[in-house]
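Only one structure is covered here, and it is reproduced in the block below.
Being a predicted model, the structure only gives us computed values, none of them experimental.
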Amino acid sequence: MRNEKRTGTVSAAKKKSSRQSFLHGALILTMAIVLVKVIGALFKIPLNWIITEDGMGYFSTAYNFYSPIFSLATAGFPIAIARMVSENHAKGNYRDIRMIHRASIPIFLTTGTLGFLIMELGARSYVGIVGNENALPSMVVLAPAILFSCLSSIYRGYYEGLGNMYPTALSEIIEALGKLVIGLAAAAGVIAYGMNEYAASGTVFGQMVSSEEFARAATLPYAAAGAIFGVTVGSLLSFLFLFIRHRRRGDGIGKEELKQAHPSHTLHYTIIKLIKIAIPIGVGSLLVNVANLVDTTFLQTRISDIMNSSGEVLLDMYKGLIPDYNLANPDSIPNYLYGCYANALTLYMLIPAITQAFGISALPNVTGAWTRGNRKEIKQSIETVMRVTALVAIPAGLGISALAKPIVQLIYGSRGASDIIARVLVIMGIGAIFASLSTPLQSMLQAVGRVDLPVKLLVVGLVIKVTLNYTLCGIPEINILGAGTGTVVCYAFITVMSIVCLCRVTGIMPNFISVFVKPLIAGGLCALSAYLSQSLLAMLISGKIATILAIGVACVVYVVALLCLKAIQHSDIQMLPKGQKIVKLLEKHGWIS
């Protein structure tokens with residue numbers, strides 16, 4: 001009945017123009033994520049040069065403590081907001097949409113403040129547990145980012161539910177730029193200040209040190225905190241942008257639509273419903289971050305155990321790859337190796353970060369199709385999300401594994417640490433495929449109303465991950481490589497079971513040849529061409545140039561393989577801006593099925 005009240009008013013046209021299809025929204029977010037990742041690389045790579053693997057260990061320890069607290073503070077509310085807004089949008093309940101936004105403000109103010117206090121007050125205890133006291137300055141500086149990020153989530157979830165991905169995309173870019181400019185400047189400034197003090201008086205921040213190498217090491221905890229300060233400032237700038245944009249431009253819902261809509265539910269009802277949807281989603285997100293926190297603890301404590309019991313095995317495995325400073329201070333080796341793992345994790349996360357955009361964009365589209373009960377639309381939406389995710393994840397993951405060492409050397413340089421990072425990345429590349437596929441699959445389960453299933457699957461998957469990581473990372477011959485293996489097995493399980501559950505809940509069986517087999521064949525050819533071309537080109541030209549050219553060759557081979565296999569569907573292209581024109585061009589050459 002509410003749907004029948006829609007009219008072709010100017011405000012409706014305005015609203016319609018701001019709402020994007022799945023692929024259009026995913027394209028906006030993907031472009032933003034790619035730009036954010038480029039900015040992130042411009043931040044992380046120079047930062048690694050500035051603060052080295054030791055500083056990155058402090059940086060990552062703080063970040064991994066921050067992540068579960070942030071997940072607890074947001075508690076799945078952004079996804080819950082997006083789902084409720086999308087569902088009400090499909091029904092034409094515009095007053096309820098506004099009430100959802102109103103209800104989210106006190107929720108995020110409360111949880112954000114609590115999260116900030118928990119991190120600020122719990123930081124000292126945590127660094128004592130992991131035996132990494134030097135990470136304390138970074139943790140203290142990062143705590144306010146929880147509050148600012150929670151405030152940003154009020155608007156991101158709201159606009160995503162309306163099918164408008166531009167506010168989220170722009171706010172993420174602003175956040176990344178703030179981190180880049182402020183973080184690098186602060187990190188470099190701290191080290192410059194400390195080294196100038198050493199040159200003048202032989203001390204660093206008032207503490208006497210014995211050499212220039214030890215002086216630089218003494219600056220690293222505060223330099224890492226300087227880099228983290230950029231993260232906090234970036235989160236503040238992101239919130240300010242979203243707040244000002246919403247005040248000035250609104251949400252695209254017109255007065256006529258509000259006038260025709262039924263009265264909204266009460267604030268109390270809306271808050272309770274948000275909480276009921278958010279809790280299982282938040283538990284799932286929290287579990288992932290708690291598992292990462294456990295990884296941080298295990299990796300460092302288990303390496304410490306190895307150093308105490310079988311240190312010679314580990315040192316022989318990485319002979320010539322660990323810096324003299326760390327060899328002279330064996331207690332720093334666990335943090336150094338964790339820093340290497342963290343750098344591999346940064347490259348690994350590039351792929352799931354992109355497909356996370358597909359999950360965000362899929363949620364309002366699949367929710368709308370499910371609410372309308374259109375079986376054909378639901379099947380098309382599910383297949384499109386799966387296929388597009390596979391088309392990105394499979395070649396990227398296989399390519400990272402095939403070119404692990406050249407890629408690491410291209411980004412981090414030819415150092416001992418690069419060899420260690422590459423060993424981890426070979427395994428993590430495979431894990432990236434499953435991690436990338438699992439995120440949109442879980443979003444679709446949430447979209448069809450089964451918010452409990454992703455949590456249940458995550459619990460089992462993360463138990464597998466934690467168990468394998470604890471066991472394997474304690475074996476001297478495996479050490480940090482065990483974390484990559486645990487990741488692969490965990491996300492492989494979650495991906496397979498998510499597909500099974502989605503098929504059972506919806507009663508829809510996707511075309512697996514179109515969705516997975518064709519992208520797998522094309523991705524395998526892509527990875528093989530990358531490996532062979534890089535090996536051949538490296539004999540003739542510089543290794544870094546050879547790697548860049550090999551990636552270009554692999555991309556060409558992949559596109560040709562996709563077109564020959566007719567792996568791209570009409571429906572996929574039609575969701576893109578100017579999709580009809582692109583379809584006609586591909587049909588003309590017989591490249592689309």
Side-chain angles (χ1 to χ4, degrees), residues 2 68-119 146-164 167-168 171 235 238-239 242-243 245-247 250-253 257-259 261-287 289 359-360 363-364 366-368 370-371 442-443 445-455:
R2 297 182 185 182
I69 297 176
F70 173 66
S71 293
L72 186 63
T74 53
F77 281 110
I79 296 175
I81 291 167
R83 189 185 184 284
M84 283 182 63
V85 167
S86 180
E87 182 181 351
N88 281 285
H89 186 278
K91 296 176 180 178
N93 300 341
Y94 301 111
R95 291 181 183 272
D96 276 312
I97 291 174
R98 287 283 179 86
M99 180 58 73
I100 291 165
H101 176 68
R102 181 183 167 193
S104 67
I105 295 173
I107 290 173
F108 278 117
L109 275 172
T110 302
T111 59
T113 302
L114 288 174
F116 161 71
L117 293 174
I118 290 170
M119 183 164 184
I146 294 176
L147 175 59
F148 302 141
S149 296
C150 281
L151 295 176
S152 294
S153 295
I154 296 171
Y155 300 97
R156 288 179 179 175
Y158 185 65
Y159 282 112
E160 287 161 13
L162 289 169
N164 184 3
T168 294
S171 67
S235 65
S238 172
F239 162 64
L242 289 165
F243 177 76
R245 185 193 186 283
H246 184 75
R247 291 293 297 269
D251 54 16
I253 298 175
E257 291 163 323
L258 289 171
K259 183 178 179 181
H262 283 270
S264 68
H265 291 96
T266 65
L267 179 64
H268 179 264
Y269 172 89
T270 304
I271 290 175
I272 295 300
K273 189 172 182 180
L274 270 173
I275 291 172
K276 286 181 177 179
I277 296 175
I279 285 176
I281 298 171
V283 169
S285 179
L286 178 63
L287 285 172
N289 288 293
I360 293 171
L363 184 66
V366 176
T367 299
W370 184 257
T371 302
Q442 291 185 317
S443 288
L445 284 171
Q446 293 161 354
V448 299
R450 290 305 304 270
V451 294
D452 60 310
L453 285 176
V455 179

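H101 and Y158 have tilted rings, their planes meeting at an angle from 30° to 60° on a 0 to 90° scale. Aromatic ring pairs are classed by plane angle as parallel below 30°, tilted from 30° to 60° and perpendicular above 60°; the pair F243 and F239 is tilted. Using cut-offs of 30° and 60° on the angle between ring planes, the pair H246 and Y159 is perpendicular.
G161 and V85 make their closest contact through C-CG1, 3.5 Å (heavy atoms, listed as atom of the first residue, atom of the second, distance). Listed here is the closest heavy atom pair of I146 and G112: CG2-O, 4.0 Å. Residue S152 comes nearest to L242 through the heavy atom pair O-CD1, 3.5 Å, listed as atom of the first residue, atom of the second, then distance. The shortest heavy-atom contact between H89 and Y94 is CD2-CE2, 4.3 Å. Smallest separation of non-hydrogen atoms from Q442 and P454: NE2-O, 3.5 Å. The minimum heavy-atom distance linking V448 with W370 is given by the pair O-NE1, 3.4 Å.
If you take OG1 on T113 and CG on L147, they are separated by 5.0 Å, rounding to the nearest 0.5 Å. Summarising the geometry, atom NZ belonging to K91 is positioned 11.0 Å from atom CD1 belonging to I97; distances are rounded to the nearest 0.5 Å. For the atom pair OG1 (T270) and CG (N88), the distance works out to 8.5 Å, reported to the nearest 0.5 Å. Interatomic distance, CZ of R156 versus CD1 of I81, reported as 12.5 Å (0.5 Å rounding). The line from OG1 of T266 to NZ of K273 is 12.0 Å long, rounded to the nearest 0.5 Å. Between atom CZ of residue R95 and atom CD1 of residue I100 there is a gap of 14.0 Å, rounded to the nearest 0.5 Å.
In this structure R450 satisfies the salt bridge (Lys or Arg N to Asp or Glu O under 4.0 Å) test together with D452, sequence neighbours excluded.
Side-chain contact between Y155 and P167 is absent, with no heavy atoms from C-beta onward closer than 4.5 Å. Contact annotation: the side chain of K276 never approaches that of V451 to less than 4.5 Å [non-hydrogen atoms, C-beta and beyond]. Using a 4.5 Å heavy-atom threshold, the side chains of F77 and I275 count as touching.
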